[in-house]
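Each remark here refers to the structure printed beneath this line.
In listed order, ligands and their atoms are each counted from 1. The model shown is predicted, which means the values in this text are computed figures rather than measured ones.
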Amino acid sequence: MKEFIKSFPKVELHTHLNGCIREETLNKWHKNKEVTKYIDSFMSPETNSKEAMENCFKSFDLIYEATTTLERIKQLTKEVLEDYDNENCIILEIRTSPRKLEGHSILDYYNSVIESFKEYLSSRNKKTPFYPYLLFSINRSKLEIGKETIDVANELRKNNNFVKGIELSGNPYRGDINKIIELMNYAKSINIPFTMHIAEKIDDDEMIKLIECKPLRMGHGIYVNEKGVELMNKYNIDCEICLTSNIVSRSIDKCDNHPIASNKKYKGKLFFCCDDKGLFRTCLTNELFIAINNYYKDLDESKQKNIIKKLCLDGINASFLEDNIKKELIEYVESYKL
Ligand code: 5GP
(Lines give C-alpha, C1' and ligand atoms only; values in the text may rest on other atoms or scores of the structure.)
Protein backbone atom coordinates (compact mmCIF):
# COMPACT_ATOMS: atom_id res chain seq x y z
CA MET A 1 0.00 0.00 0.00
CA LYS A 2 2.82 2.42 0.83
CA GLU A 3 4.37 1.94 -2.64
CA PHE A 4 0.96 2.52 -4.23
CA ILE A 5 0.45 5.72 -2.22
CA LYS A 6 3.94 6.94 -3.11
CA SER A 7 3.40 6.52 -6.84
CA PHE A 8 -0.20 7.81 -6.87
CA PRO A 9 -0.78 11.57 -7.44
CA LYS A 10 -1.24 13.46 -4.16
CA VAL A 11 -2.31 16.86 -2.92
CA GLU A 12 -0.68 18.75 -0.03
CA LEU A 13 -2.86 21.50 1.45
CA HIS A 14 -1.13 22.24 4.75
CA THR A 15 2.62 22.66 4.92
CA HIS A 16 4.80 25.45 6.36
CA LEU A 17 7.90 26.37 4.36
CA ASN A 18 10.44 26.72 7.18
CA GLY A 19 9.05 23.68 8.99
CA CYS A 20 9.86 21.59 5.90
CA ILE A 21 13.59 22.14 6.11
CA ARG A 22 15.65 19.01 5.51
CA GLU A 23 17.53 17.79 8.55
CA GLU A 24 20.87 17.86 6.68
CA THR A 25 20.26 21.43 5.49
CA LEU A 26 19.39 22.58 9.00
CA ASN A 27 22.55 21.01 10.37
CA LYS A 28 24.63 22.52 7.56
CA TRP A 29 23.34 26.07 8.01
CA HIS A 30 22.99 26.25 11.79
CA LYS A 31 25.93 27.37 13.93
CA ASN A 32 25.20 24.51 16.30
CA LYS A 33 26.05 21.41 14.24
CA GLU A 34 24.00 19.26 16.58
CA VAL A 35 20.88 21.41 16.31
CA THR A 36 18.55 18.60 15.26
CA LYS A 37 19.69 16.46 18.17
CA TYR A 38 19.07 19.43 20.44
CA ILE A 39 15.55 19.83 19.03
CA ASP A 40 14.89 16.12 19.66
CA SER A 41 15.99 16.52 23.26
CA PHE A 42 13.35 19.07 24.15
CA MET A 43 10.56 17.70 21.97
CA SER A 44 10.47 15.04 24.68
CA PRO A 45 7.57 12.63 25.05
CA GLU A 46 7.08 13.52 28.71
CA THR A 47 5.67 17.04 28.30
CA ASN A 48 2.01 18.06 28.36
CA SER A 49 0.17 19.51 25.36
CA LYS A 50 0.82 23.19 26.12
CA GLU A 51 4.52 22.62 26.82
CA ALA A 52 4.92 20.41 23.75
CA MET A 53 3.31 23.12 21.63
CA GLU A 54 5.63 25.78 23.10
CA ASN A 55 8.57 23.47 22.31
CA CYS A 56 7.48 23.23 18.68
CA PHE A 57 7.60 27.02 18.51
CA LYS A 58 11.08 27.02 20.12
CA SER A 59 12.10 24.67 17.31
CA PHE A 60 10.84 27.12 14.70
CA ASP A 61 12.98 29.84 16.29
CA LEU A 62 16.01 27.54 15.94
CA ILE A 63 15.13 26.90 12.29
CA TYR A 64 14.96 30.68 11.77
CA GLU A 65 18.53 30.93 13.11
CA ALA A 66 19.52 28.84 10.08
CA THR A 67 17.32 30.33 7.33
CA THR A 68 18.75 33.81 7.67
CA THR A 69 19.32 35.01 4.11
CA LEU A 70 17.20 35.35 0.98
CA GLU A 71 19.66 33.04 -0.81
CA ARG A 72 18.97 30.35 1.81
CA ILE A 73 15.21 30.90 1.54
CA LYS A 74 15.51 30.25 -2.19
CA GLN A 75 17.51 27.09 -1.60
CA LEU A 76 15.08 25.93 1.13
CA THR A 77 12.15 26.49 -1.25
CA LYS A 78 13.86 24.55 -4.04
CA GLU A 79 14.49 21.60 -1.72
CA VAL A 80 10.88 21.57 -0.48
CA LEU A 81 9.55 21.60 -4.06
CA GLU A 82 11.97 18.81 -4.98
CA ASP A 83 10.97 16.65 -2.00
CA TYR A 84 7.24 16.89 -2.73
CA ASP A 85 7.74 16.49 -6.47
CA ASN A 86 9.79 13.34 -5.88
CA GLU A 87 6.87 11.71 -4.10
CA ASN A 88 4.42 12.60 -6.89
CA CYS A 89 2.60 15.48 -5.29
CA ILE A 90 0.61 17.31 -8.00
CA ILE A 91 -0.65 20.28 -5.95
CA LEU A 92 1.59 21.78 -3.30
CA GLU A 93 0.06 24.57 -1.24
CA ILE A 94 2.93 26.07 0.77
CA ARG A 95 2.31 28.66 3.43
CA THR A 96 4.95 30.94 4.87
CA SER A 97 4.98 33.85 7.29
CA PRO A 98 6.54 37.21 6.41
CA ARG A 99 10.16 37.87 7.38
CA LYS A 100 12.40 40.87 7.01
CA LEU A 101 15.82 39.34 6.30
CA GLU A 102 19.15 41.17 5.89
CA GLY A 103 17.36 44.52 5.95
CA HIS A 104 15.06 43.46 3.10
CA SER A 105 11.29 43.87 3.02
CA ILE A 106 8.43 41.37 3.33
CA LEU A 107 7.95 41.77 -0.42
CA ASP A 108 11.59 40.74 -1.01
CA TYR A 109 11.06 37.65 1.15
CA TYR A 110 8.04 36.54 -0.85
CA ASN A 111 9.67 37.43 -4.17
CA SER A 112 12.62 35.16 -3.31
CA VAL A 113 10.24 32.25 -2.70
CA ILE A 114 8.43 32.99 -5.98
CA GLU A 115 11.71 33.25 -7.90
CA SER A 116 12.67 29.84 -6.57
CA PHE A 117 9.29 28.43 -7.74
CA LYS A 118 9.94 29.79 -11.24
CA GLU A 119 13.49 28.46 -11.39
CA TYR A 120 12.43 25.04 -10.17
CA LEU A 121 9.60 24.69 -12.66
CA SER A 122 11.64 25.94 -15.61
CA SER A 123 14.39 23.39 -14.97
CA ARG A 124 11.99 20.51 -14.17
CA ASN A 125 12.20 17.52 -16.53
CA LYS A 126 9.25 15.45 -15.30
CA LYS A 127 6.24 15.43 -17.61
CA THR A 128 3.64 14.89 -14.87
CA PRO A 129 1.60 17.88 -13.62
CA PHE A 130 2.97 19.81 -10.64
CA TYR A 131 1.26 22.96 -9.36
CA PRO A 132 2.95 24.58 -6.36
CA TYR A 133 1.47 27.81 -4.99
CA LEU A 134 1.67 30.03 -1.93
CA LEU A 135 -0.45 31.22 0.94
CA PHE A 136 0.93 34.14 2.97
CA SER A 137 0.68 33.52 6.70
CA ILE A 138 -0.72 35.88 9.29
CA ASN A 139 1.45 34.99 12.28
CA ARG A 140 -0.38 35.28 15.62
CA SER A 141 2.84 36.57 17.21
CA LYS A 142 3.21 39.33 14.60
CA LEU A 143 -0.31 40.64 14.08
CA GLU A 144 1.06 44.16 13.70
CA ILE A 145 2.32 43.24 10.21
CA GLY A 146 -0.82 41.25 9.36
CA LYS A 147 -2.44 43.96 7.25
CA GLU A 148 0.79 44.62 5.34
CA THR A 149 1.05 40.88 4.66
CA ILE A 150 -2.50 40.73 3.29
CA ASP A 151 -1.84 43.80 1.15
CA VAL A 152 1.38 42.31 -0.28
CA ALA A 153 -0.47 39.05 -1.04
CA ASN A 154 -3.25 40.98 -2.73
CA GLU A 155 -0.83 43.00 -4.86
CA LEU A 156 1.26 40.00 -5.87
CA ARG A 157 -1.67 37.76 -6.75
CA LYS A 158 -2.84 40.25 -9.38
CA ASN A 159 0.13 39.57 -11.65
CA ASN A 160 1.49 36.36 -10.23
CA ASN A 161 0.17 32.84 -10.64
CA PHE A 162 1.84 31.53 -7.52
CA VAL A 163 0.06 33.63 -4.88
CA LYS A 164 -3.39 32.31 -4.09
CA GLY A 165 -4.41 33.36 -0.60
CA ILE A 166 -3.61 33.78 3.05
CA GLU A 167 -3.84 31.79 6.27
CA LEU A 168 -3.71 32.27 10.03
CA SER A 169 -1.05 30.38 11.99
CA GLY A 170 1.59 30.88 14.68
CA ASN A 171 1.60 30.11 18.38
CA PRO A 172 -2.06 29.60 19.37
CA TYR A 173 -1.32 31.01 22.85
CA ARG A 174 -0.41 34.40 21.32
CA GLY A 175 -2.38 37.12 19.54
CA ASP A 176 -5.39 39.25 20.39
CA ILE A 177 -8.59 37.61 19.13
CA ASN A 178 -10.23 40.91 18.17
CA LYS A 179 -7.22 41.91 16.07
CA ILE A 180 -7.28 38.48 14.37
CA ILE A 181 -10.98 38.83 13.53
CA GLU A 182 -10.36 42.33 12.18
CA LEU A 183 -7.61 40.98 9.88
CA MET A 184 -9.71 38.09 8.64
CA ASN A 185 -12.62 40.45 7.94
CA TYR A 186 -10.23 42.65 5.98
CA ALA A 187 -9.11 39.63 3.94
CA LYS A 188 -12.74 38.77 3.28
CA SER A 189 -13.51 42.35 2.21
CA ILE A 190 -10.91 42.11 -0.59
CA ASN A 191 -12.02 38.58 -1.59
CA ILE A 192 -8.77 36.83 -0.89
CA PRO A 193 -9.31 33.13 -0.12
CA PHE A 194 -8.16 32.04 3.33
CA THR A 195 -7.75 29.11 5.69
CA MET A 196 -7.13 29.27 9.44
CA HIS A 197 -5.50 27.26 12.21
CA ILE A 198 -8.30 26.85 14.73
CA ALA A 199 -8.72 25.04 18.06
CA GLU A 200 -5.13 24.08 18.78
CA LYS A 201 -5.80 24.94 22.44
CA ILE A 202 -8.83 24.62 24.69
CA ASP A 203 -10.75 27.87 24.30
CA ASP A 204 -14.36 27.38 23.17
CA ASP A 205 -15.07 31.08 22.95
CA GLU A 206 -12.11 31.75 20.63
CA MET A 207 -12.84 28.60 18.60
CA ILE A 208 -16.42 29.71 17.84
CA LYS A 209 -15.32 33.27 17.02
CA LEU A 210 -12.68 31.99 14.58
CA ILE A 211 -15.11 29.58 12.88
CA GLU A 212 -17.50 32.53 12.50
CA CYS A 213 -14.82 34.14 10.29
CA LYS A 214 -15.90 31.40 7.83
CA PRO A 215 -12.56 30.27 6.44
CA LEU A 216 -12.72 27.94 3.42
CA ARG A 217 -10.78 25.37 5.42
CA MET A 218 -9.61 24.81 8.98
CA GLY A 219 -6.20 23.55 10.06
CA HIS A 220 -6.12 20.94 12.89
CA GLY A 221 -9.40 21.54 14.77
CA ILE A 222 -8.17 19.51 17.73
CA TYR A 223 -10.35 21.12 20.39
CA VAL A 224 -13.46 21.76 18.30
CA ASN A 225 -16.54 20.89 20.38
CA GLU A 226 -19.98 19.73 19.21
CA LYS A 227 -21.18 23.27 18.54
CA GLY A 228 -18.00 23.89 16.51
CA VAL A 229 -18.61 20.77 14.41
CA GLU A 230 -22.20 21.92 13.79
CA LEU A 231 -20.91 25.28 12.56
CA MET A 232 -18.25 23.65 10.37
CA ASN A 233 -21.01 21.57 8.76
CA LYS A 234 -23.22 24.63 8.38
CA TYR A 235 -20.50 26.75 6.71
CA ASN A 236 -19.00 23.83 4.68
CA ILE A 237 -15.59 24.17 6.31
CA ASP A 238 -13.25 21.33 5.34
CA CYS A 239 -10.42 20.21 7.61
CA GLU A 240 -6.67 19.87 7.09
CA ILE A 241 -5.49 17.02 9.33
CA CYS A 242 -1.82 16.62 10.32
CA LEU A 243 -1.63 13.36 12.26
CA THR A 244 2.12 13.05 12.91
CA SER A 245 2.31 16.70 13.94
CA ASN A 246 -0.65 16.31 16.31
CA ILE A 247 0.90 13.28 17.95
CA VAL A 248 4.35 14.84 18.33
CA SER A 249 2.85 18.04 19.73
CA ARG A 250 0.74 15.94 22.16
CA SER A 251 -2.50 17.33 20.76
CA ILE A 252 -3.81 13.78 20.39
CA ASP A 253 -2.48 10.56 21.91
CA LYS A 254 -3.61 8.35 19.01
CA CYS A 255 -5.31 8.81 15.64
CA ASP A 256 -8.59 7.24 16.85
CA ASN A 257 -8.97 10.21 19.15
CA HIS A 258 -8.75 12.90 16.48
CA PRO A 259 -11.91 14.91 17.14
CA ILE A 260 -12.59 15.68 13.47
CA ALA A 261 -11.07 12.79 11.53
CA SER A 262 -12.84 10.23 13.69
CA ASN A 263 -16.05 12.21 14.23
CA LYS A 264 -19.10 10.66 12.57
CA LYS A 265 -21.07 13.92 12.89
CA TYR A 266 -18.54 15.91 10.89
CA LYS A 267 -19.72 16.18 7.26
CA GLY A 268 -16.83 18.08 5.65
CA LYS A 269 -13.90 16.76 3.65
CA LEU A 270 -10.64 15.61 5.22
CA PHE A 271 -7.19 16.37 3.83
CA PHE A 272 -4.25 14.51 5.31
CA CYS A 273 -1.19 16.77 5.32
CA CYS A 274 2.38 17.07 6.67
CA ASP A 275 2.32 20.43 8.52
CA ASP A 276 6.11 20.60 8.96
CA LYS A 277 7.68 17.62 7.19
CA GLY A 278 11.23 18.45 8.32
CA LEU A 279 10.52 19.09 11.96
CA PHE A 280 8.18 16.11 12.31
CA ARG A 281 10.24 13.84 10.00
CA THR A 282 7.31 12.83 7.86
CA CYS A 283 6.16 13.03 4.22
CA LEU A 284 2.83 13.04 2.40
CA THR A 285 3.04 9.32 1.58
CA ASN A 286 3.52 8.59 5.26
CA GLU A 287 0.60 10.78 6.37
CA LEU A 288 -1.77 9.06 3.92
CA PHE A 289 -0.46 5.65 4.95
CA ILE A 290 -1.17 6.46 8.62
CA ALA A 291 -4.66 7.69 7.70
CA ILE A 292 -5.45 4.49 5.73
CA ASN A 293 -4.16 2.30 8.57
CA ASN A 294 -6.31 4.07 11.11
CA TYR A 295 -9.52 5.32 9.54
CA TYR A 296 -9.90 2.87 6.65
CA LYS A 297 -8.18 -0.23 8.04
CA ASP A 298 -11.26 -2.47 7.72
CA LEU A 299 -11.56 -1.93 3.96
CA ASP A 300 -9.98 -4.31 1.45
CA GLU A 301 -7.01 -3.12 -0.60
CA SER A 302 -8.97 -2.09 -3.67
CA LYS A 303 -11.33 0.06 -1.56
CA GLN A 304 -8.35 1.61 0.21
CA LYS A 305 -6.88 2.54 -3.18
CA ASN A 306 -10.19 4.17 -4.07
CA ILE A 307 -10.00 6.19 -0.84
CA ILE A 308 -6.52 7.44 -1.83
CA LYS A 309 -7.96 8.48 -5.19
CA LYS A 310 -10.96 10.18 -3.56
CA LEU A 311 -8.72 12.07 -1.14
CA CYS A 312 -6.70 13.30 -4.10
CA LEU A 313 -9.80 14.41 -6.04
CA ASP A 314 -11.22 16.15 -2.95
CA GLY A 315 -7.88 17.92 -2.50
CA ILE A 316 -7.89 19.14 -6.09
CA ASN A 317 -11.39 20.55 -5.66
CA ALA A 318 -10.52 22.25 -2.36
CA SER A 319 -7.29 23.79 -3.63
CA PHE A 320 -7.18 27.49 -4.49
CA LEU A 321 -6.27 26.78 -8.13
CA GLU A 322 -8.29 27.97 -11.14
CA ASP A 323 -11.13 25.81 -12.47
CA ASN A 324 -9.39 24.95 -15.75
CA ILE A 325 -6.35 23.60 -13.86
CA LYS A 326 -8.60 21.62 -11.50
CA LYS A 327 -10.31 20.10 -14.54
CA GLU A 328 -6.98 19.12 -16.10
CA LEU A 329 -5.84 17.52 -12.83
CA ILE A 330 -9.11 15.65 -12.28
CA GLU A 331 -8.80 14.17 -15.77
CA TYR A 332 -5.21 13.20 -15.06
CA VAL A 333 -6.13 11.43 -11.82
CA GLU A 334 -9.21 9.77 -13.33
CA SER A 335 -7.03 8.30 -16.08
CA TYR A 336 -4.62 6.86 -13.55
CA LYS A 337 -4.78 3.06 -13.15
CA LEU A 338 -5.62 1.83 -9.65
P1 5GP B 1 7.17 29.64 8.04
O2 5GP B 1 5.85 30.33 8.10
O3 5GP B 1 8.22 30.45 8.74
O4 5GP B 1 7.60 29.28 6.66
O5 5GP B 1 7.02 28.24 8.80
C6 5GP B 1 7.12 28.07 10.19
C7 5GP B 1 6.00 28.79 10.93
O8 5GP B 1 4.75 28.18 10.63
C9 5GP B 1 6.09 28.71 12.45
O10 5GP B 1 6.91 29.72 12.99
C11 5GP B 1 4.63 28.89 12.87
O12 5GP B 1 4.31 30.26 12.92
C13 5GP B 1 3.87 28.24 11.75
N14 5GP B 1 3.50 26.86 12.11
C15 5GP B 1 4.11 25.72 11.75
N16 5GP B 1 3.47 24.64 12.26
C17 5GP B 1 2.42 25.10 12.96
C18 5GP B 1 1.39 24.48 13.71
O19 5GP B 1 1.27 23.26 13.85
N20 5GP B 1 0.47 25.31 14.29
C21 5GP B 1 0.54 26.67 14.14
N22 5GP B 1 -0.42 27.39 14.74
N23 5GP B 1 1.50 27.28 13.45
C24 5GP B 1 2.43 26.51 12.86
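- Near Asn139, the atoms of ligand 1 lying under 4.0 angstrom from a non-hydrogen atom of the residue are 12 (O).
- Using a 4.0 Å cut-off between heavy atoms, Glu200 contacts ligand 1 through its side chain alone, with no backbone atom that close.
- Counted by atom type alone, Asp151 and Tyr186 present one or more donor-acceptor pairs between their side chains at under 3.5 Å.
- The residue Arg140 has no part lying near ligand 1, judged by heavy-atom distances below 4.0 Å.
- For atom 17 (C) of ligand 1, the nearest non-hydrogen atom of the protein is His16 NE2, 3.6 Å.
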If you apply the rule side-chain hydrogen bond (donor to acceptor under 3.5 Å, both in side chains), what do you find for Asn160 with Arg157, and how did you get there?
CA-CA 5 Å; Asn160 193 300; Arg157 77 179 171 136; over 6 Å; no
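- Between Glu3 and Lys6 there is no salt bridge, since no side-chain nitrogen of the basic residue lies less than 4.0 Å from a carboxylate oxygen of the acidic one.
- Close approach of ligand 1 to Asn18 is summarised as follows: ligand atoms under 4.0 Å from at least one heavy atom of the residue are 1 (P), 3 (O), 4 (O), 5 (O).
- Listed by atom number, the atoms of ligand 1 under 4.0 Å from Ser97 heavy atoms are 1 (P), 2 (O), 3 (O).
- Residue contact check: Asp276 has heavy atoms under 4.0 Å from atoms 15 (C), 16 (N), 17 (C) of ligand 1.
- Taking every heavy atom of Thr96 and a limit of under 4.0 angstrom, the matching atoms of ligand 1 come to 1 (P), 2 (O), 4 (O).
- Taking only non-hydrogen atoms, the option from Phe136, Phe57, Tyr64, Tyr173 nearest to atom 7 (C) of ligand 1 is Tyr64.
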Taking distance alone, no hydrogens or angles, what donor-acceptor pairs closer than 3.5 Å link side-chain atoms of residues 210-218 to residues at least two apart or in another chain?
residue	atom	partner	partner atom	Å
Glu212	OE1	Tyr235	OH	2.7
Glu212	OE2	Tyr235	OH	3.3
Arg217	NE	Ala318	O	3.3
Arg217	NH1	Leu13	O	3.4
Arg217	NH1	Glu93	OE2	3.1
Arg217	NH1	Glu240	OE2	2.6
Arg217	NH2	Glu93	OE1	2.6
Arg217	NH2	Ala318	O	3.3

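- In this pair, His16 and Phe60 present their aromatic rings tilted. The plane angle is within the 30 to 60° band.
- Comparing heavy-atom distances from atom 19 (O) of ligand 1 across Thr15, Ile198, Asp275 singles out Asp275 as nearest.
- Numbered from 1 in the order shown, with element, the atoms of ligand 1 that lie under 4.0 Å from a heavy atom of Leu17 read 4 (O).
- Checked against side-chain hydrogen bond (donor to acceptor under 3.5 Å, both in side chains), Gln304 has no partners two or more places apart in sequence or in another chain.
- Among all protein heavy atoms, the one lying closest to atom 12 (O) of ligand 1 is Gly170 CA, 3.3 Å.
- Assignment of Met53 to the shell around ligand 1 is not supported, since no heavy atom sits closer than 4.0 Å.
- Taking the six-membered ring where the residue is Trp, His220 and His197 present tilted rings, their angle falling between 30° and 60°.
- Distance check: Ile198 CD1 to Asp203 CG gives 12.0 Å after rounding to the nearest 0.5 Å.
- Closest to atom 21 (C) of ligand 1, if we only count protein heavy atoms, is His197 CD2, 3.4 Å.
- Aromatic rings of Phe117 and Phe162 (six-membered ring for Trp) have centroids within the 6.0 Å cut-off, being under it.
- Polar contact with ligand 1: absent for Pro172 (N/O pair, distance under 3.5 Å).
- Residue contacts with ligand 1 for Ile63 are absent, since no atom lies close enough (heavy atoms, distance under 4.0 Å).
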Starting from the C-alpha separation in whole Å, work towards a yes-or-no answer on side-chain hydrogen bond (donor to acceptor under 3.5 Å, both in side chains) for Lys303 and Asn306.
CA-CA 5 Å; Lys303 287 196 174 123; Asn306 269 304; over 6 Å; no
